[in-house]
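Convention: sequence-line order gives letters A, B, ...; per-chain numbering from 1.
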Number of protein chains: 2
Amino acid sequence: DASRKMTENGVSSRAKVLTIDTMNPTVKKVEYAVRGPIVQRAMELEKELSEGMKKPFAEVIKANIGDAHAMGQQPITFFRQVLALCSYPELLNDSTFPEDAKSRARRILQSCGGNSMGSYSASQGIDSVRHDVARYIKRRDDGVPCDPDNIYLTTGASDGIVTMLKLLVCGEGATRTGIMISIPQYPLYSAALAELGAVQINYYLNEQKCWSLDISELQRSLDEARQHCNPRALCIINPGNPTGQVQSRQCIEDVIRFAAKERLFLMADEVYQDNVYAEGCQFHSFKKVLFEMGPEYSNTVELVSFHSTSKCYMGECGFRGGYMEIINLDSEVKAQLTKLVSVRLCPPVPGQALMDLVVNPPQPGEPSHEKFIKERTTTLCALAEKAKLTEQVLNTVQGISCNPVQGAMYSFPCITIPEKAIKEATDNGQKPDMFYCMKLLEETGICLVPGSGFGQRDGTYHFRMTILPPKDKLKILLTKVKEFHQKFTQQYS
Amino acid sequence: DASRKMTENGVSSRAKVLTIDTMNPTVKKVEYAVRGPIVQRAMELEKELSEGMKKPFAEVIKANIGDAHAMGQQPITFFRQVLALCSYPELLNDSTFPEDAKSRARRILQSCGGNSMGSYSASQGIDSVRHDVARYIKRRDDGVPCDPDNIYLTTGASDGIVTMLKLLVCGEGATRTGIMISIPQYPLYSAALAELGAVQINYYLNEQKCWSLDISELQRSLDEARQHCNPRALCIINPGNPTGQVQSRQCIEDVIRFAAKERLFLMADEVYQDNVYAEGCQFHSFKKVLFEMGPEYSNTVELVSFHSTSKCYMGECGFRGGYMEIINLDSEVKAQLTKLVSVRLCPPVPGQALMDLVVNPPQPGEPSHEKFIKERTTTLCALAEKAKLTEQVLNTVQGISCNPVQGAMYSFPCITIPEKAIKEATDNGQKPDMFYCMKLLEETGICLVPGSGFGQRDGTYHFRMTILPPKDKLKILLTKVKEFHQKFTQQYS
Ligand SMILES: Cc1ncc(COP(=O)(O)O)c(C=O)c1O
Ligand SMILES: Cc1ncc(COP(=O)(O)O)c(C=O)c1O
């Protein structure tokens with residue numbers, strides 16, 4: 001055939017320009033467990049089930065990703081009404097829509113070029129949305145001022161996090177930028193650092209103390225890192241993913257003091273700010289604590305905080321809405337940031353509209369207020385209940401030990417894997433917790449993510465499980481995990 | 001005060017962690033003219049006008065960016081109906097919506113986790129949307145097969161372009177990846193290459209021959225680049241931005257042959273595929289021509305093609321929808337691509353839904369078909385008329401010479417700038433065409449982008465002007481440009 005002829009003529013027609021050996025080496029180093037091999041296998045199993053293949057289970061239950069609507073959580077009616085009105089403004093004449101939804105839609109549309117969500121917005125985000133975000137932050141933080149100029153709307157929090165990391169990376173060899181991240185971590189961080197060729201500096205959360213953050217561990221990790229790179233930033237996730245802890249005010253103050261002393265740029269991932277369930281726990285924003293510490297800190301410490309439409313009570317992941325607030329960013333760097341985000345033109349406008357609704361929901365006295373409060377409360381109460389249930393059931397299993405799920409959407413229990421199972425896994429070139437989760441998936445249809453995808457202390461094993469399935473399903477899931485763990489332990493003992 | 005005390009204590013509290021000198025140096029090199037200083041000034045002027053400040057004009061007319069809705073173009077009714085239905089599925093019970101819009105919405109929602117656009121989709125994009133895209137491509141390309149597995153949905157075309165460039169970059173010094181781009185170019189390309197630290201290889205379009213692409217120029221540019229880098233990919237924009245040319249089938253064939261011979265990865269930016277106005281011109285996709293050239297080419301040449309919801313007749317920029325099709329991508333690299341896109345979770349789902357509607361609009365016999373055809377035709381005819389008008393009026397001005405706007409949404413006329421003006425600009429450290437456009441903006445309120453933002457042959461000057469303003473406004477705009485150019489020429493002669 002023709003292509004073979006070409007080869008005979010000496011033109012190496014079959015050698016690709018782009019191969020695994022000639023592609024960007026930093027991309028190869030990226031890993032992302034939340035959508036890794038186990039999820040791919042889960043999707044295959046779903047397909048096989050739908051094609052009528054026989055399995056030891058009737059359905060695949062995905063507890064691998066914080067995707068609330070996919071697990072049946074209902075959207076907030078008001079938000080979706082406004083989005084429908086903005087999408088198809090003809091509906092503004094429809095008398096079945098509440099007036100507050102309409103006036104909100106009109107306001108958003110007025111801020112869009114040509115009154116259409118189909119226009120590009122300013123790259124930093126729609127002006128009026130940034131103002132609403134600033135008002136929200138000020139309210140949330142008991143009056144600490146917030147400048148709309150410091151707000152950047154983003155394509156989900158992911159986008160903001162990667163953008164800020166990108167700004168921070170420079171140097172080569174021993175002066176290469178290092179970024180401190182918690183272990184366990186949300187793997188977006190390690191993935192972004194790998195891609196940017198930055199040095200990942202691990203600090204370990206204290207599993208014995210409910211996954212809390214010890215300043216002494218920060219210090220150890222930083223001192224070690226200074227031997228071989230240039231540590232420049234400290235990332236914190238609060239409430240924590242995958243670990244579900246909620247930081248105390250004292251801890252946040254200590255972290256800020258540490259960052260100031262060690263001259264580290266602070267990155268606070270606060271996408272779960274409404275997801276706090278445990279009694280005695282409360283969300284404190286880094287911004288607020290920073291300002292309460294006085295001008296010595298609030299005028300100097302560089303901080304960025306991220307938020308998203310994907311989590312909390314709304315769970316609107318698919319819209320890819322988010323914002324970040326930057327504090328004390330050097331003004332020249334800020335100009336560079338604005339330039340950088342302009343290359344991608346703008347974040348999705350429907351996501352911006354949604355973010356606007358999240359920071360500016362129906363107010364008391366408005367027609368949609370009552371329903372909004374009811375829907376929000378229902379969702380948050382259900383999550384709190386499921387957080388409790390998960391911890392309780394898992395802790396009844398010998399060989400599983402689970403910290404309280406104080407906040408966020410996940411439990412990250414420690415599991416005992418028998419030596420024989422560890423050996424079998426290692427012989428197969430598999431991590432023991434991957435081996436465990438893969439077996440769980442094949443036998444029960446339950447899809448969890450192995451702890452190794454998030455990082456864990458050597459020799460310990462975990463899995464991450466979301467608390468998002470509806471209560472009935474969650475109960476079944478927990479029972480199945482329990483039974484599986486017992487069987488697995490027996491089998492390999 | 002406290003912060004000063006700290007300084008006296010020897011803690012350099014005021015030195016920022018992140019400064020212009022310590023930030024990522026590749027980010028600093030990024031430039032993006034479409035949203036550069038001239039646009040910032042235009043926004044200031046708008047604000048000043050709204051605050052009642054007196055100006056020599058009543059409004060700012062922005063012809064700097066291909067943002068159709070912002071210029072008053074109306075969205076396609078059917079698209080927005082389906083988006084409203086998907087946003088707020090309660091509307092499926094509303095009898096005023098046409099049945100085909102409802103069934104389309106149901107189909108999209110069924111492909112979403114939990115039947116909600118608020119769920120994350122698969123990172124590659126919703127399965128059913130990718131299938132619809134594949135069917136569209138096959139139809140468009142007269143039956144050339146298309147595999148849905150080769151379709152990746154993206155966050156606008158921008159996202160896809162940057163992702164593919166990212167895969168291609170490797171090596172250092174003389175083996176660093178070089179990427180060939182046309183000059184003039186759409187500045188996303190130069191910005192992405194700067195950020196990735198790749199070598200930008202310029203090939204010049206032939207202004208004398210209607211901005212066509214000469215293979216001899218490709219060869220010259222490639223041969224020169226081989227002296228100092230490793231050229232790996234060739235980017236083509238067709239129809240062209242900012243130059244508005246439409247490539248002939250013959251030219252595309254020649255380019256493919258060149259890429260095969262020189263072992264270059266082809267990147268075809270085809271976001272303007274419906275925007276062809278000039279008689280005798282027609283859009284030919286690179287994919288189709290590649291397959292018509294037989295297996296010698298279609299089995300070997302690596303090609304990626306980009307499309308977007310932002311342009312054509314729909315102009316839905318704000319939704320950030322898009323797709324790319326990859327052909328002959330090495331399977332291991334494809335796996336890496338899938339992994340890479342999973343880090344950002346997924347493209348915005350409303351943008352995916354919109355892309356689905358674009359590739360699968362109402363069919364003959366469906367209730368919305370007639371209206372859809374009418375709306376699409378109206379928009380495309382208006383654009384064709386404005387393309388013609390722009391060329392004609394600009395060519396009546398002495399010192400302005402404008403190629404036919406065969407396609408896309410822009411004219412890129414050559415302007416004569418008098419020596420005295422060039423000197424004044426240069427003395428002020430400004431590029432002469434920036435000087436010209438800035439003066440035009442201050443005196444008339446018209447916002448265009450200087451040719452230097454896109455690249456041009458040394459010693460020539462251009463501006464880019466969109467043809468998007470409504471016809472009446474466009475006429476005023478053209479008249480004002482004409483008067484300004486005459487005055488400017490006189491003033492500096
Ligand atoms: C801690 C944390 N940060 C950021 C994100 C990114 O979310 P998104 O990009 O959807 O806003 C997630 C998502 O799960 C997360 O858990
Ligand atoms: C040639 C070309 N490619 C890509 C894009 C990016 O468009 P989007 O990211 O909105 O799809 C544009 C936008 O103007 C363009 O002109």
Notebook entry, point to check: Closest heavy-atom contact between A/Gln336 and B/Val27?
Noted result: OE1-O, 3.8 Å
Checklist line | Per-residue contact mode, A/Ile20 against chain B (heavy atom under 4.5 angstrom) | finding: both
Next item on the list: Heavy-atom pairs under 4.5 Å with chain A are the metric here; pick the option from B/Ser87, B/Gly113, B/Gly114 that has the most.
Entry: B/Ser87
Item checked: Heavy-atom contact with chain A under 4.5 Å, split by part of B/Asn328 -> both
Using atom types as modelled, flag every donor-acceptor pair under 3.5 Å from a side chain in residues 157-172 of chain A to any protein atom, sequence neighbours excluded.
from: A/Asp159; atom 1: OD2; to: A/Thr155; atom 2: N; distance (Å): 2.9
from: A/Thr163; atom 1: OG1; to: A/Asp159; atom 2: O; distance (Å): 2.8
from: A/Lys166; atom 1: NZ; to: B/Glu195; atom 2: OE2; distance (Å): 2.6

Next item on the list: Might you work through the side-chain contact (heavy atoms from CB on, under 4.5 Å) test for A/Leu345 and B/Leu188, ending with a clear yes or no?
Entry: CA-CA 9 Å; A/Leu345 298 168; B/Leu188 167 66; over 6 Å; no
Check: Of the backbone (N, CA, C, O) and the side chain (C-beta and beyond), which part of B/Ser342 lies under 4.5 Å from a heavy atom of chain A, both, or neither?
Finding: both
Item checked: Euclidean distance, A/Met23 CE relative to B/Leu340 CG, rounded to 0.5 Å -> 7.5 Å
Notebook entry, point to check: Any residues in residues 71-82 of chain B near chain A, with a heavy-atom distance under 4.5 Å, and which are they?
Noted result: B/Thr77, B/Arg80, B/Gln81
Checklist line | Worked verdict on A/Thr22 versus B/Arg232 for side-chain contact (heavy atoms from CB on, under 4.5 Å) | finding: CA-CA 10 Å; A/Thr22 63; B/Arg232 303 188 71 199; 2.8 Å; yes
Next item on the list: Report the distance from atom OG1 of B/Thr338 to atom CD of A/Gln40, rounding to the nearest 0.5 Å.
Entry: 7.5 Å
Checklist line | For B/Tyr88, ring pair (Phe, Tyr, Trp, His ring centres under 6.0 Å) partners two or more places apart | finding: A/Phe97
Check: If you count heavy-atom pairs under 4.5 Å with chain A, which of B/Glu316, B/Met43, B/Arg344 comes out on top?
Finding: B/Arg344
Checklist line | Considering all heavy atoms, the nearest B/Tyr120-A/Lys311 contact | finding: OH-NZ, 3.2 Å
Check: Under the 3.5 angstrom rule, does the side chain of B/Arg320 hit a backbone N or O of A/Cys346 as a donor-acceptor pair?
Finding: yes
Check: Using a cut-off of under 4.5 Å for heavy-atom pairs, which of B/Asp94, B/Leu83, B/Val30 has the most such pairs with chain A?
Finding: B/Val30
Notebook entry, point to check: Under the salt bridge (charged side-chain N to carboxylate O under 4.0 Å, His left out) test, which residues partner A/Lys62, sequence neighbours left out?
Noted result: A/Glu46
Checklist line | Nearest non-hydrogen partners of B/Ser119 and A/Ala70, listed with the distance | finding: OG-N, 3.1 Å
Notebook entry, point to check: If you count heavy-atom pairs under 4.5 Å between each of B/Ser123, B/Pro25, B/Cys112 and chain A, which one has the most?
Noted result: B/Ser123
Notebook entry, point to check: Is it the side chain or the backbone of B/Leu18 that comes within 4.5 Å of chain A heavy atoms, both, or neither?
Noted result: both
Notebook entry, point to check: With no hydrogens and no angle check, is any side-chain donor or acceptor of A/Lys16 less than 3.5 Å from a backbone partner on B/Ser331?
Noted result: no
Checklist line | Heavy-atom contact with chain A under 4.5 Å, split by part of B/Leu264 | finding: backbone
Notebook entry, point to check: Can you tell me if A/Lys339 uses its side chain to pair, donor with acceptor, with the backbone of B/Lys28 under 3.5 Å?
Noted result: yes
Item checked: Nearest heavy-atom neighbours spanning A/Val17 and B/Arg263 -> CG2-O, 3.4 Å
